[in-house]
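Hydrogens, waters and symmetry mates play no part in the numbers below; they use all other heavy atoms, side chains included. Being a predicted model, the structure only gives us computed values, none of them experimental. To find a chain, count down the sequence lines: A is the first, B the second, and so on, and within it residues start at 1.
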There are 2 protein chains.
Amino acid sequence: MKFEAVTIKDIAIALGLSTSTVSRALRDSYEISPATKKNVLEYAEKINYRPNPIALSLKEKRSHSIGVIVCEIANSFFSQAINGIESIAYSKGYNVIISQSHESYDREVIDLNYLASRSIDGLLISVSAETENFSHLQSLHDRGFPIVFFDRAVESIHTHKVIVDNNKGAFDATEHLIKNGFQRIANLAGSPHLSITKDRIMGYRNAIETNGLHYEEAYTQYCLHGGMVYEEVEKALDAMMALSNKPDAIVASADKLTTNCIRYFKSKNIRVPEDVALIGFSNLDIADLLLPSLSVVRQPAFAMGQIATELLLKMIESKRAVSDFENRVLPLEIMVRESSSKLK
Amino acid sequence: MKFEAVTIKDIAIALGLSTSTVSRALRDSYEISPATKKNVLEYAEKINYRPNPIALSLKEKRSHSIGVIVCEIANSFFSQAINGIESIAYSKGYNVIISQSHESYDREVIDLNYLASRSIDGLLISVSAETENFSHLQSLHDRGFPIVFFDRAVESIHTHKVIVDNNKGAFDATEHLIKNGFQRIANLAGSPHLSITKDRIMGYRNAIETNGLHYEEAYTQYCLHGGMVYEEVEKALDAMMALSNKPDAIVASADKLTTNCIRYFKSKNIRVPEDVALIGFSNLDIADLLLPSLSVVRQPAFAMGQIATELLLKMIESKRAVSDFENRVLPLEIMVRESSSKLK
DNA sequence: GAAATTGTCGGGAACGATTGCGTAAAAAAA
DNA sequence: TTTTTTTACGCAATCGTTCCCGACAATTTC
């Protein structure tokens with residue numbers, strides 16, 4: 001079934017004009033008489049003419065759409081970031097095409113090829129937890145394709161990046177636990193391939209050592225899929241809880257890690273914060289409704305999406321190749337609730 | 001900054017052939033000699049040629065992309081539904097363009113015009129809570145544009161619809177409360193403009209009356225924005241709780257209504273289920289982690305997205321106009337947890 | 001009154017790819 | 001050798017739009 005749209009040609013034939021004249025009349029060109037303009041405009045309105053964006057894209061070599069690749073839209077952080085992306089993109093007349101990698105490298109490559117071949121003008125990406133090899137992004141970037149990273153950036157690729165101060169966030173969260181009297185603080189970490197994981201571990205370790213505690217290797221456990229699969233979280237936490245001096249507090253370094261951590265505690269009847277305290281990176285908007293209410297490190301997701309989009313559009317619309325890349329680092333917000341409080 | 005892609009013309013010039021020959025070689029036409037084919041294929045591979053989808057769209061009058069309009073992607077139900085949509089669309093070579101109405105009629109109209117003018121081949125929509133006037137959809141549908149409704153359908157527009165058995169879902173949820181000994185059951189309802197709201201109220205009322213309870217008008221309160229704004233939920237619940245015989249249980253009829261209801265109870269120190277029991281429509285994947293764990297009516301969101309997309313693609317790819325429209329009604333699942341249990 | 005200017009508009013190429021049709025050369029049939 | 005067939009390719013139109021030119025008329029200038 002096909003949906004036949006009205007074209008400039010239809011107007012031209014109906015009014016006995018040429019397509020060039022109609023086109024010019026619609027664009028309010030000075031070389032068209034007011035009478036003709038009026039005719040064309042009225043007729044176009046009457047038959048509900050809409051310019052064909054595909055024809056325009058072909059001519060302008062610009063699709064006015066941008067691609068977004070995230071691991072999962074059913075994740076508070078990313079859906080909030082996408083809201084930010086959308087708000088800027090739509091206001092500037094750009095379309096947003098969203099793809100999900102589901103934390104899989106293969107899916108990310110497929111999505112990327114698909115998007116790139118669909119003639120998007122630029123890409124916003126937060127790489128998947130599994131991704132170690134960045135050649136698919138590198139080659140596109142080398143050919144001059146506009147890419148902006150947000151949240152999970154690739155260090156080796158030199159382009160705009162919008163990230164948060166993961167180091168400080170993890171430091172503050174860890175220090176908050178220490179200040180509350182916890183001594184054996186573990187770190188439930190995401191994929192070791194991600195730079196954000198490294199930064200968060202660094203902040204965590206720094207807080208431990210700065211405050212005169214002993215940094216314990218076994219207190220940091222990685223989850224390759226960033227907590228997407230419960231089993232990896234379970235395995236990581238099992239390992240921690242099996243230690244002779246098991247942790248009395250945990251810093252969970254990602255949205256899904258945090259919620260699955262809570263699920264683990266619930267299933268094992270481990271009380272929070274009595275048995276183990278918890279603070280986690282999370283953008284969940286019902287963190288306050290959990291049992292116990294959850295202390296979180298919250299990312300400015302909406303703003304990140306907005307800034308990343310602004311940078312991308314600036315790059316797309318710039319005449320010359322951009323070489324002066326920005327590295328925006330946004331602050332994290334710590335929201336203290338019950339899960340990290342010390343009970344007497 | 002522009003990203004110059006390789007075209008068929010580049011290959012033709014480099015190999016001293018015509019564009020038609022190159023095109024045919026790439027499509028493995030029988031009228032091209034094996035030697036030429038080999039040359040073209042190898043060179044195309046070498047310079048990483050990708051056909052320009054925009055040029056193809058222009059020629060075929062098909063963009064191979066579908067539009068999706070939902071109220072909010074930061075909503076478990078819709079993000080799960082979008083996952084279902086994506087899974088089918090991508091497997092069939094279609095792109096998905098997502099727009100959010102944020103429950104606003106104006107935004108919905110803008111999104112629709114934008115998408116329609118962006119040459120999408122078809123539309124999946126779950127109408128906004130505010131929408132009363134459906135002429136924007138009707139006129140598109142009248143002109144033969146493929147539209148499939150999911151979840152929130154428009155009764156007056158005759159096309160494929162994928163919905164759930166809201167009546168039975170609300171009936172079962174209400175009856176579950178009655179069976180658990182609750183007597184004064186209230187209904188926190190969504191927008192009165194939506195057919196799903198009417199169906200859910202009908203199921204609720206039916207359960208009340210079938211079980212010999214008295215149907216009380218004041219026990220049903222509407223939220224025009226479907227719970228998106230906390231204040232309307234607060235107002236609705238304030239009205240209920242101010243009644244002389246205030247309810248001892250509540251059926252919340254949408255995702256956001258349910259979570260905001262919990263937020264209300266928490267802020268007012270109303271205990272669940274001791275003071276008021278609660279069961280709500282929700283696709284939240286951490287309903288079991290709330291305090292108390294939340295009894296829910298869960299929609300098969302992923303499957304709904306998949307089915308809706310299959311129907312839409314079938315409509316798009318059908319040669320003739322479709323007139324035999326399906327109305328798929330999927331079952332709801334009730335998951336009983338603590339929030340609706342009767343404590344002695 | 002002839003020349004220059006201005007106002008309006010149409011023809012046609014271009015964007016990238018596909019495809020019906022035409023045709024040269026080579027191969028097969030006569 | 002001549003005619004027919006096959007092979008292998010090129011030309012040009014098409015999709016919808018824009019825009020560079022060219023053109024004709026009316027108007028203004030000298």
Side-chain angles (χ1 to χ4, degrees), chain A residues 2-41 43-44 47-65 93 116-121 143, chain B residues 2-41 43-45 47-65 93 116-121 143 316:
Chain A
K2 56 185 182 299
F3 174 68
E4 297 288 352
V6 181
T7 74
I8 266 191
K9 204 172 171 183
D10 298 327
I11 304 180
I13 291 171
L15 267 51
L17 294 169
S18 73
T19 57
S20 3
T21 304
V22 175
S23 171
R24 270 182 275 252
L26 290 169
R27 318 196 115 250
D28 201 29
S29 160
Y30 69 95
E31 32 183 3
I32 302 299
S33 72
T36 307
K37 268 184 199 169
K38 187 163 173 289
N39 272 339
V40 171
L41 256 30
Y43 187 73
I47 62 173
N48 196 30
Y49 167 79
R50 299 267 173 258
N52 182 331
I54 294 188
L56 285 175
S57 295
L58 183 59
K59 238 195 142 359
E60 294 176 7
K61 299 186 167 212
R62 290 264 305 278
S63 65
H64 281 274
S65 55
S117 85
R118 293 302 293 187
S119 302
I120 53 169
D121 296 339
R143 281 183 284 156
Chain B
K2 56 186 184 298
F3 172 68
E4 296 289 353
V6 181
T7 74
I8 261 191
K9 203 172 173 182
D10 299 325
I11 303 180
I13 292 171
L15 266 52
L17 294 168
S18 75
T19 57
S20 8
T21 304
V22 175
S23 171
R24 271 182 272 251
L26 291 169
R27 316 196 115 251
D28 200 28
S29 161
Y30 70 95
E31 35 182 0
I32 302 300
S33 72
T36 308
K37 268 184 198 169
K38 187 164 172 288
N39 272 338
V40 171
L41 256 31
Y43 187 73
E45 167 75 16
I47 63 173
N48 196 32
Y49 167 78
R50 298 267 172 258
N52 182 333
I54 294 188
L56 286 174
S57 296
L58 184 58
K59 218 178 157 11
E60 294 176 7
K61 299 184 167 212
R62 289 265 304 278
S63 64
H64 281 273
S65 55
S117 85
R118 293 301 294 187
S119 303
I120 52 170
D121 296 339
R143 282 183 284 157
I316 290 171

Counting primed atoms plus P, OP1 and OP2 as sugar-phosphate and everything else as base, spell out the protein contacts along nucleotides 8-15 of chain C at 4.0 Å heavy-atom distance: B, S or - for each nucleotide, 5' to 3'.
BBBBB-BB

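- Among residue pairs with one or both ends in residues 5-23 of chain A, none qualify as salt bridge (Lys or Arg N to Asp or Glu O under 4.0 Å); sequence neighbours excluded.
- For B/Ile54 and D/dT17, the CD1 to C1' distance is 13 Å, given to the nearest whole Å.
- Between B/Ile11 and B/Ile47, some side-chain heavy-atom pair lies under the 4.5 Å cut-off.
- Between the CD1 atom of A/Ile8 and the P atom of D/dT17 there is a distance of 5 Å, given to the nearest Å.
- Spacing between atom CZ of B/Arg50 and atom P of C/dA17 amounts to 12 Å, rounded to whole angstrom units.
- With a 4.5 Å cut-off on side-chain heavy atoms, A/Arg27 and A/Ile32 do not count as touching.
- In this structure, CZ of B/Arg62 is placed 18 Å from C1' of D/dG16, rounded to the nearest angstrom.
- Within 6.0 Å of CD on B/Glu31 lie more than 12 heavy atoms contributed by other residues, nucleotides or ligands.
- Distance B/Glu60 CD to D/dA13 P: 21 Å, rounded to the nearest Å.
- With rounding to the nearest 0.5 angstrom, the CD1 atom of A/Ile54 is 10.0 Å from the CG atom of B/Leu56.
- Here the closest non-hydrogen pair linking B/Thr7 and B/Tyr49 is C-CE1, 3.8 Å.
- When the side-chain nitrogen and oxygen atoms of A/Ser23 are compared with OP1 and OP2 of D/dT18, one or more of them lie within a distance under 4.0 Å.
- The separation between A/Leu26 atom CG and D/dT18 atom P is 8 Å, rounded to whole Å.
- When the P atom of D/dC19 is taken as reference, atom CG of A/Asp28 falls 14 Å away, rounded to whole Å.
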